[in-house]
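Residue numbers begin at 1 in each chain, while the letters A, B, ... track the order of the sequences.
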Amino acid sequence: MATLPSVAVLKAALDNPRAIATKPRARQLHAQILKRHGLSAASLSFVLSVYADLGLLRDSLLVFRSLPCPAPPAAWKSVIRCYASHGLAADALASFSTMRALGRRPDRNVFPSVLKSCASLMDVRLGEAVHGCAVRVGVDGDLYTGNALMNMYAKFRNSGGDVGTGGVAHEVLDEMSQRMNCGNVARQMGSGPDVYRLNSPGQNEMGLMGIWREMCGQRDSVRKVFDMMPQRDVVSWNTVIAGNVQSGMYGEALAMVREMGNANLRPDSFTLSTVLPIFAEHVDVRKGKEIHGYAVRNGFDSNLFIGSTLIDMYAKCACVADSYRVFHMLPQRDGISWNSIIGACLQNGMFDEGLKFFRLMLKDDVKPGPISFSSIIPACSHLTSLHLGKQLHGYIIRAGFDYNVYIASSLVDMYAKCGKIEKAKWIFRNMELHDIVSWTAIVMGCALHGHALDAITLFEKMQMEGVKPTYVSFIAVLTACSHAGLVDEAWKYFNCMTQEFKINPGLEHYAAIADLLGRAGRLEEAYDFICSMPSEPPSSLWSPLMTACRVHKNVELAEKVAERILQVDPESIGTYVQMSNIYSAARRWKEAAKWKVSMKERGLRKKPACSWIEVRNRAHAFLSGDTSHPYYNKINEALEVLLEQMEKDGYKPNTSEVLHDVEEEQKKQLLQHHSERLAIAFGIISTPPGTEIRIIKNIRVCTDCHEAIKFISKIVGREIIVRDNSRFHHFKDGKCSCGDYW
DNA sequence: GTAGGGTTAG
């Protein structure tokens, strides 16, 4: 049992309350003081300040409520500080109001907490009122108060048009003054300041002009406070610099870093981690490295904040190797360092590595937070790993993160990309709040699964709910139109985007329209449309048209397109392959061979068709004609049995898809062993009857396989879901969800 | 009183 503190210890504690560093010690002190000094307001408010310093909200409130009314100013200060440090801004402000209503004069120590609360509630008017109050009390020249003022005004300025949320605090105040008028403030405090916590957002009462005036005003407010401060420290400079960075005023921010020197202040770790994101955004590794060097010379490189900012900066500049180096050099790591290195991998398309770091993080006993999950779930989407995604989803639910908008959006995307569109829709429906990203994710999901009408309906519903479509969401809705052959709708959205929403169409939008025209067989129109682009079309825009030319057997246009592609991208493997295939399909073997030879001469190799399937948590990959799988014999046997039944049901192999100059029987054999058929046959023999089979393929399904899979789905009575490089096909009962349009 | 990591993209 701990011994009670002696009189000497107690005396020491009174001189230096910060020496009490633990909750039990604080409680001991509390008990001792009660024993020696009784319930005097002075001694209790001393205990209160100790509790508040330790951030013990409950204890602080208990002591506060036991104080005789009205409480001394020091007690108010402690409670306000405690509320503010717990992020309970509304409670902090309510207490501040009550304190003033009771005639307690605030001193300079209380303003930083109050101003911070105004900033976090984004309450511009209240913030200005508190500023006025600080001026009247005569503490606006105080260093801490000045710094807090600048921080607040910078936050207001950077919030852009979000001033409306300030209504929350207005309601607090309105309610406060009503209660004040009713008289019994002491009774309210008795029931605890919690009664002031509100959850309904207020309305924006300010007109556009008002907001505009406020914004212009705040541009200067930060600077005005800065200029008028009688003394400034590093924090003052850092605050203004951070404010500038957050509102995109990079030039001014960097100029101020240089100016700091004239004021005899050296940039510290705060300054550096504030300006580093500038170089990340501008992809300027050279300048970023200079800062890194400065950090090393000044011993800041082991700082966790600098570390994660550096990792992020290098990643954004595509220097992941440097991100790794910084990460491994860190003497210790927190959750954010891990999130940074995971994010660094994912931003650079290194999904497996990202997952590796995620596992190491767990092994290192660092608990993944919401941000870890919203970073790692997209890795499952990219790798189409439903198994892993489900596992993580389970973790997310257990941790209670499933209501986080970021995470929910990434889950919607993950399930859609892993073939589970119904699950994606279910999660979307159950989200309590839909932002533009979650809407876009579900619209895109529907588009990929060929649910074009759902996609369009959702896109319209989104706008009815007041969410403005963006660049990316138009890509999603155009993709939906493109996969369903909805040419008129696509044009409608394309025009609506440019004219109504003033969004400049990007490559992706052009690609969707061009792709659509091509698929619809309007090849010349597509060609002209691509040529109408304001800048030189890249090869990625032409290649869908090339595919369309192959599908619609238009050799002449294909030649024109090939020429355009090779102009911008002479190494385009796809073009050589496509041209060779197009000539083969036209039985112009000589020209086909010419393209193949010239491809070989350039040392270009075609990427092989590959299909894979997850069975019992393992991925099994198959190449076309692949005999290497341990169960190959069984797979082949299954394919034979299936083929027999398929032919009885009326399946006729479409050998025109085989672009080799070989005998008819051999062509059938080649078709029979396309990678997707091997994967499907393996799926049929290694999973329980009746369950769905999910295949992923790296290139488009050929028409013959598409036809064959329809028969197979009916014969085995199972749903077969095939994801190719652009969309999903759901085969069921002899039909495909794409309606044979893909 | 100041600082670091996140979701959607044919």
Side-chain angles (χ1 to χ4, degrees), chain A residues 84 109 111-113 115-116 119 142-152 154 233-243 245-246 268-277 280 300 303-313 315 334-344 346-347 369-378 381 404-414 416-417 435-445 447-448 470-476 478-480 482-483 506-516 518-519 540-541 543-544 547 725-727:
Chain A
N109 295 320
F111 281 100
S113 302
L115 290 167
K116 191 183 183 174
D142 171 60
L143 179 62
Y144 280 55
T145 303
N147 288 343
L149 275 170
M150 293 191 296
N151 180 47
M152 178 185 76
D233 64 357
V234 203
V235 177
S236 323
W237 285 84
N238 287 343
T239 305
V240 184
I241 292 168
V245 172
Q246 275 146 23
D268 64 0
S269 63
F270 281 78
T271 326
L272 301 191
S273 59
T274 304
V275 295
L276 267 169
F300 298 141
N303 176 299
L304 277 180
F305 281 77
I306 301 276
S308 46
T309 325
L310 280 171
I311 292 169
D312 189 54
M313 185 273 294
D334 66 0
I336 298 185
S337 330
W338 283 102
N339 289 343
S340 302
I341 193 67
I342 292 169
L346 304 184
Q347 278 164 27
I371 296 190
S372 319
F373 287 105
S374 52
S375 315
I376 206 69
I377 290 291
S381 314
N404 179 307
V405 198
Y406 286 85
I407 294 179
S409 304
S410 67
L411 284 171
V412 167
D413 178 64
M414 185 273 290
K417 295 242 171 77
D435 66 356
I436 183 62
V437 176
S438 50
W439 281 106
T440 307
I442 193 67
V443 171
M444 195 53 158
L448 292 178
T470 57
Y471 186 94
V472 185
S473 58
F474 273 109
I475 297 175
L478 287 175
T479 303
S482 154
H483 285 325
L507 288 181
E508 300 93 333
H509 307 103
Y510 275 99
I513 299 276
D515 184 44
L516 181 53
R519 285 167 195 265
S540 61
L541 258 180
S543 32
T547 308
N725 55 352
S726 72
R727 65 174 302 158

Nearest-Å distance for atom pair CG/C1', residues Leu276(A) and dT2(B): 16 Å
Sugar-phosphate, base or nothing in reach of Ser372(A), heavy atoms under 4.0 Å: nothing
Nearest-angstrom distance from the residue atom CE of Met150(A) to P of dA3(B): 12 Å
Closest to side chain of Ala242(A), choosing from dA9(B), dA3(B), dG10(B): dA3(B)
Any donor-acceptor N/O pair under 3.5 Å between dG4(B) base and Asn303(A) side chain: no
Base dT7(B) to side chain Ser409(A), donor-acceptor N/O within 3.5 Å cut-off: yes
Minimum-distance nucleotide (side-chain atoms of Ser375(A) versus dA3(B), dG6(B), dT8(B)): dG6(B)
Residues which pass salt bridge (Lys or Arg N to Asp or Glu O under 4.0 Å) with Asp435(A), listed by chain and number, not counting sequence neighbours: none
Asn238(A): which of Asp268(A), Asp233(A), Asn151(A) passes side chain to side chain donor-acceptor pair (under 3.5 Å): Asp268(A)
Ring centroids of Tyr406(A) and dT7(B) base under 5.5 Å with planes under 30°: no
Reported CG-to-CD1 distance for the pair Leu346(A) and Ile341(A), which is rounded to 0.5 angstrom: 10.0 Å
Separation of dT2(B) C1' from Asn238(A) CG (nearest whole Å): 6 Å
Nearest-nucleotide pick for Ile336(A), side chain only, options being dA3(B), dG10(B), dG4(B): dG4(B)
Pair Thr271(A)-Ile241(A), side-chain contact (heavy atoms from CB on, under 4.5 Å): steps then yes or no: CA-CA 8 Å; Thr271(A) 326; Ile241(A) 292 168; 4.0 Å; yes
Side-chain-base donor-acceptor pair under 3.5 Å for Ser273(A) and dA3(B): yes
Phosphate-side-chain proximity, Asn339(A) and dG6(B), N/O vs OP1/OP2 below 4.0 Å: no
Integer-rounded Å distance: dT8(B) P and Leu346(A) CG: 10 Å
Contact under 4.0 Å: Gln347(A) side-chain N or O vs dG5(B) OP1/OP2: no
Length of the line joining Ile436(A):CD1 and dA9(B):C1', which is rounded to integer Å: 12 Å
Sugar-phosphate only, base, or nothing, as touched by Ser482(A) at under 4.0 Å among non-hydrogen atoms: nothing
Side-chain-base donor-acceptor pair under 3.5 Å for Ser374(A) and dG6(B): yes
Minimum-distance nucleotide (side-chain atoms of Asp413(A) versus dT8(B), dG5(B), dT2(B)): dT8(B)
Touch class at under 4.0 angstrom, heavy-atom based, for Leu304(A) against every strand present: base
Sugar-phosphate only, base, or nothing, as touched by Pro378(A) at under 4.0 Å among non-hydrogen atoms: sugar-phosphate
Between P of dG6(B) and CD1 of Ile376(A), the distance in whole Å: 13 Å
Sugar-phosphate, base or nothing in reach of Asn151(A), heavy atoms under 4.0 Å: sugar-phosphate
Between P of dT2(B) and CD of Gln246(A), the distance in whole Å: 11 Å
base_contact_polar (dG5(B) base, Ser340(A) side chain, donor-acceptor, <3.5 Å): no
Met444(A) side chain, from C-beta outward: closest of dG10(B), dT7(B), dG4(B): dG10(B)
N/O donor-acceptor pair, side chain Asn404(A) with base dG6(B), under 3.5 angstrom: yes
Closest non-hydrogen atom pair, Ser273(A) against Ile306(A): N-CD1, 3.9 Å
Among dG6(B), dT7(B), dG4(B), the nucleotide that comes nearest once only the side chain of Phe305(A) is considered: dG4(B)
side-chain hydrogen bond (donor to acceptor under 3.5 Å, both in side chains) between Asp413(A) and Ser410(A), intermediate numbers included: CA-CA 5 Å; Asp413(A) 178 64; Ser410(A) 67; over 6 Å; no
Residue Ile407(A), side-chain atoms from C-beta onward, closest of dG6(B), dA3(B), dG4(B): dG6(B)
Nearest-nucleotide pick for Val472(A), side chain only, options being dG5(B), dT8(B), dG10(B): dT8(B)
Nearest-0.5 Å distance that lies between atom CG in Leu149(A) and atom CG in Leu115(A): 5.0 Å
Candidate nucleotides dA3(B), dG10(B), dG4(B), ranked by approach to the side chain of Thr479(A) - the nearest: dG10(B)
Touch class at under 4.0 angstrom, heavy-atom based, for Pro370(A) against every strand present: base
Separation of dT7(B) P from Lys417(A) NZ (nearest whole Å): 12 Å
